Amino acid sequence: MAKEQRTIFIIFGGSGDLAHRKLYPALFKLYVKGYLQDHFAVIGTARRPWSHEYFRQTVMESIGADIGDQEKISSFAQHFYYQAHDVNDANHYVALKKLAAQLSQQYQTGANQIFYMAVAPRFFGTVASHINSEGLLTAQGYNRLVIEKPFGRDLKSATELNSSIAATFQENQIYRIDHYLGKEMVQALPLLRFTNPILEAVWNKNYLSNVQITLAETLGVGERAGYYETAGALRDMIQNHALQILGLVAMEKPQEFSSAAVHQEKSRLFAQLPTYSPEQVAVNFVRGQYGADHKGNQLAYRQADNVADDSPIETFVAGKILIDNPRWQGVPFYVRSGKRLCQKTTRIDLVFKTTANKIFSQAQLQEVATQPVILSIFVEPTQGLSLALNGTNPGMALRPFMHTLDFWQSQEEMSNSQEAYEKLLIDIIHGDQTNFTNWQEQEHTWRFIDQIRQYWDQNVPQFPNYYSNSFGPKASNELLARDGNEWVWSNEFGQ
Ligand code: BG6
């Protein structure tokens with residue numbers, strides 16, 4: 001059994017989709033594992049006038065029968081309380097404070113509080129400042145603030161948001177969620193890099209030709225068009241998830257594996273993201289928007305509900321990023337993310353340089369030349385590693401052949417693996433900020449993203465430019481072809 005933790009969760013937006021889909025099932029798993037036992041309570045707040053009982057019913061329904069028996073689910077739900085709440089009404093915070101104080105006594109939670117913002121981002125600042133003005137912070141226990149993405153929509157709004165929460169919470173109390181940092185294989189990156197000399201030694205410009213980070217989705221924009229029309233793939237996936245992965249792949253070795261040291265190295269790396277002129281943006285970043293599929297079974301983005309007929313919003317981005325430091329000079333990092341692609345896959349491909357073939361002549365090597373060595377790290381939906389190496393096929397002549405060394409998590413291990421939210425929640429309870437983003441990282445990544453956004457906003461794109469169920473627009477392949485490279489995850493493996 002895990003060590004029991006004492007705390008109160010105050011979830012703003014407690015009746016919402018995120019809370020029910022992600023947070024309550026994750027909290028329940030922590031309850032089953034014993035991290036949460038008798039000394040915790042959850043207060044859900046939202047506008048609707050729900051009773052505690054009704055709220056508990058919705059919480060129980062959010063937990064699939066496959067992860068717990070009914071009795072356990074129902075004893076878990078008894079820890080849930082509901083408070084109708086208007087984020088702008090100071091009186092409601094006073095009522096909330098009273099309820100939290102009472103539950104803190106009742107459950108002996110040591111006055112520890114986790115404030116979780118699962119509301120629309122425009123309310124983040126308002127809620128944080130009321131927490132301060134109505135005195136909700138406790139003097140004895142810890143007070144932590146959890147913020148969902150998006151953290152702003154450009155550098156200016158992110159800075160404003162940060163100032164509004166920084167008036168109430170110190171940086172070491174703020175947990176900015178990027179759920180990709182909760183994924184097992186993303187968390188494994190520092191360990192892979194820094195405990196395997198065989199990898200650490202070659203993780204640089206001397207051996208690597210390019211690095212590819214792919215976040216491909218099969219889903220379209222679904223019912224989130226309202227938000228997506230104001231965001232687009234650049235803000236939705238690149239500023240956060242793709243760049244955070246890039247940070248972990250490209251940062252220098254931290255002095256130790258602590259939150260402070262990892263953030264220091266990631267921030268340093270992000271400070272080196274390139275400055276692009278508009279002309280350079282045009283060359284280094286491409287965007288796309290999905291049309292219908294070849295067969296016309298799936299609708300185009302512009303045909304989705306709440307999407308403008310002439311929407312210029314991108315559902316696909318591919319970009320080339322050069323990091324000008326001694327480790328990476330001249331090694332392009334290609335990032336790409338898109339909706340309605342032909343496969344759901346999150347992967348990192350490290351493509352090695354083909355060392356000049358000094359000793360084998362083409363006459364000695366029959367038929368085919370050697371291929372670049374590739375290390376692929378599969379994040380989702382399968383988790384694993386594969387290393388493609390040059391070898392030979394048996395026979396009289398030297399016939400180069402790619403051998404692949406694979407490691408895949410078994411189905412059983414995958415089903416035991418913790419979901420991103422479960423891992424992140426336990427980190428918050430333990431006070432470990434390693435797997436969250438800090439303000440400096442946000443600042444640097446937004447500065448970089450703003451350059452691209454500004455150029456794109458001034459130029460009307462020709463959309464749609466890729467079919468649903470494909471690998472994205474042609475321009476994405478051309479981006480790499482110009483450097484003599486190609487995507488590892490590409491047509492030859494798919495359609
Ligand atoms: C979210 C984006 O952050 O990540 C969504 O807002 C996207 O648009 C989702 O679909 C993808 O997450 P995952 O874990 O399914 O790869």
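Side-chain atoms are counted along with the backbone in the values below, which use heavy atoms only and exclude waters and symmetry mates. Counting starts at 1 for both ligands and their atoms, in listed order. Remember, it's a predicted structure, so these values are computed and weren't measured experimentally.
Checked by distance only, ligand 1 and Glu217 come closer than 3.5 Å through their nitrogen or oxygen atoms. Annotation: Thr346 places no N or O atom under 3.5 Å from an N or O atom of ligand 1; distance criterion only.
Relative ring orientation between Phe55 and Trp50 is described as tilted, the plane-to-plane angle lying within the 30° to 60° band. Aromatic ring pairs are classed by plane angle as parallel below 30°, tilted from 30° to 60° and perpendicular above 60°; the pair Tyr276 and Phe448 is tilted. A perpendicular orientation is assigned to the rings of Phe333 and Trp328, their planes being inclined by more than 60° (bins at 30° and 60°). Taking the six-membered ring where the residue is Trp, Trp408 and Phe378 present tilted rings, their angle falling between 30° and 60°.
Looking at Lys266 and Gln244, their side chains do bring a donor and an acceptor atom within 3.5 Å of each other.
Atoms of ligand 1 found under 4.0 Å from any heavy atom of Lys149 (numbered from 1 in listed order, with element): 1 (C), 2 (C), 3 (O), 6 (O). Using a 4.0 Å cut-off to heavy atoms of His241, the atoms of ligand 1 that qualify are 1 (C), 3 (O), 4 (O). Taking every non-hydrogen atom of Lys339 and a distance limit under 4.0 Å, the qualifying atoms of ligand 1 come out as 5 (C), 7 (C), 8 (O), 10 (O). For ligand 1, the atoms closer than 4.0 angstrom to any heavy atom of Lys183 are 13 (P), 14 (O), 16 (O). Atom numbering of ligand 1 starts at 1 in the shown order; those under 4.0 Å from a heavy atom of Lys344 are 13 (P), 15 (O), 16 (O).
In this structure, Phe76 has its ring center no closer than 6.0 Å to that of Tyr24.
Atom 8 (O) of ligand 1 has Asp236 OD2, 2.6 Å as its closest protein atom, hydrogens excluded (heavy atom only). Counting only heavy atoms of the protein, atom 16 (O) of ligand 1 lies nearest to Tyr180 OH, 2.4 Å.
A distance of 7.0 Å separates OG of Ser163 from CH2 of Trp439, quoted to the nearest 0.5 Å.
Counting heavy atoms only, His179 comes closest to atom 4 (O) of ligand 1 of the residues His179, Arg235, Arg224.
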